[in-house]
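Notes follow once the structure below has been shown.
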Amino acid sequence: MTVSDPSGLALVTLRDRFAGWHTLEAATGKARTAASWREATSTLAARLARPDARERAIVNVPGVVVVGGGMPIEAAGQQVGAIGVSGAPGGDNDDICANAGIEAVAADIAF
């Protein structure tokens, strides 16, 4: 799991000792992508999967990860950061974990 600032730069990364090396890079990329596009990576992935998607080329940008598990973090109507989660079986489960993380700190980040 990686939490980034609003620009997508990692602030905190946590990794279980049994998590594969790829989960760290994927989580960081998901947080960066969610912060940069200001939307959930699963939403972005669904949009880019359409054959007429105009921004499909962004998947080729180094560091962009377009699968579920990345979400912007908002407080008082402002984006204050993003979270990227990787390691659960499938992006849908990563989304569930990311949402749980945001919910766990929602009261602490409310302005």
Side-chain angles (χ1 to χ4, degrees):
M1 183 238 0
T2 297
V3 175
S4 76
D5 69 7
S7 71
L9 294 175
L11 294 171
V12 171
T13 299
L14 299 173
R15 184 186 71 86
D16 184 86
R17 65 186 174 136
F18 297 115
W21 66 268
H22 63 285
T23 62
L24 179 63
E25 301 220 6
T28 301
K30 290 176 185 186
R32 180 184 313 116
T33 303
S36 294
W37 273 267
R38 300 181 180 274
E39 66 182 304
T41 53
S42 55
T43 304
L44 184 58
R47 190 170 70 244
L48 295 177
R50 295 192 333 241
D52 63 338
R54 294 182 179 178
E55 10 172 34
R56 288 181 86 177
I58 67 169
V59 299
N60 298 317
V61 175
V64 170
V65 178
V66 186
V67 293
M71 302 195 165
I73 301 171
E74 294 185 359
Q78 296 254 7
Q79 183 173 320
V80 296
I83 185 170
V85 175
S86 183
D92 292 345
N93 289 320
D94 288 337
D95 275 348
I96 292 168
C97 293
N99 270 321
I102 293 170
E103 290 294 321
V105 300
D108 295 327
I109 62 173
F111 295 124

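Start at 1 with the first residue, then count along the sequence.
A 4.5 Å side-chain heavy-atom check between Met71 and Asn99 finds at least one atom pair inside the cut-off. A 4.5 Å side-chain heavy-atom check between Trp37 and Thr43 finds every atom pair outside the cut-off. Glu55 has its side chain within reach of Arg47: a pair of non-hydrogen atoms, C-beta onward, lies under 4.5 Å apart. Contact annotation: the side chain of Ile73 approaches that of Ile109 to within less than 4.5 Å [non-hydrogen atoms, C-beta and beyond]. No side-chain heavy atom of Val59 sits less than 4.5 Å from a side-chain heavy atom of Val64. Put simply, the side chain of Leu44 reaches to within 4.5 Å of the side chain of Ile58, judged on heavy atoms.
The heavy-atom pair separating Ser7 from Ser36 by the smallest distance is O-OG, 4.1 Å. Taking all atoms of both residues into account, the shortest heavy-atom contact from Val66 to Ala45 is CG1-CA, 3.3 Å. Minimum interatomic distance between Ala34 and Ala82 (heavy atoms only, all atoms of both residues): CB-CB, 4.2 Å.
Remark: the backbone N or O of Gly69 is not paired with any side-chain donor or acceptor of Lys30 at under 3.5 angstrom. Under the 3.5 Å distance criterion, the side-chain polar atoms of Arg15 are matched with a main-chain donor or acceptor of Ala19. Side chain of Gln79 to backbone of Pro72: no donor-acceptor contact under 3.5 angstrom is found. Checked by atom type and distance alone, the side chain of Thr33 pairs as donor or acceptor with a backbone atom of Val65 at under 3.5 Å. At distances below 3.5 Å, not a single donor-acceptor pair connects side-chain atoms of Asp5 with backbone N or O atoms of Gly81.
No single ILVMFWY cluster, assembled from side-chain heavy atoms under 4.5 Å apart, contains both Val3 and Leu9. A continuous path of Ile, Leu, Val, Met, Phe, Trp and Tyr side chains, each step under 4.5 Å between heavy atoms, connects Leu48 with Val61, placing both in one hydrophobic cluster. With hydrophobic clusters built from ILVMFWY side chains whose heavy atoms lie under 4.5 angstrom apart, Leu14 does not share a cluster with Leu24.
For the 3.5 Å distance criterion, the side chains of Thr28 and Thr2 qualify, holding a donor opposite an acceptor.
With rounding to the nearest 0.5 Å, the separation of CD in Glu25 from OG in Ser86 is 10.5 Å. Atom CG of residue Asp94 and atom CD1 of residue Ile96 lie 9.5 Å apart, to the nearest 0.5 angstrom. A distance of 3.5 Å separates OG in Ser42 from CG in Asp95, rounded to the nearest 0.5 Å. Atom SG in Cys97 sits 11.5 Å away from atom CD1 in Ile102 (nearest 0.5 Å).
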Discussion item. Please determine whether side-chain contact (heavy atoms from CB on, under 4.5 Å) holds for the pair Thr41 and Val67, giving the CA-CA distance in whole Å, both sets of side-chain angles, and the decisive distance to 0.1 Å.
Written reply: CA-CA 6 Å; Thr41 53; Val67 293; 5.8 Å; no
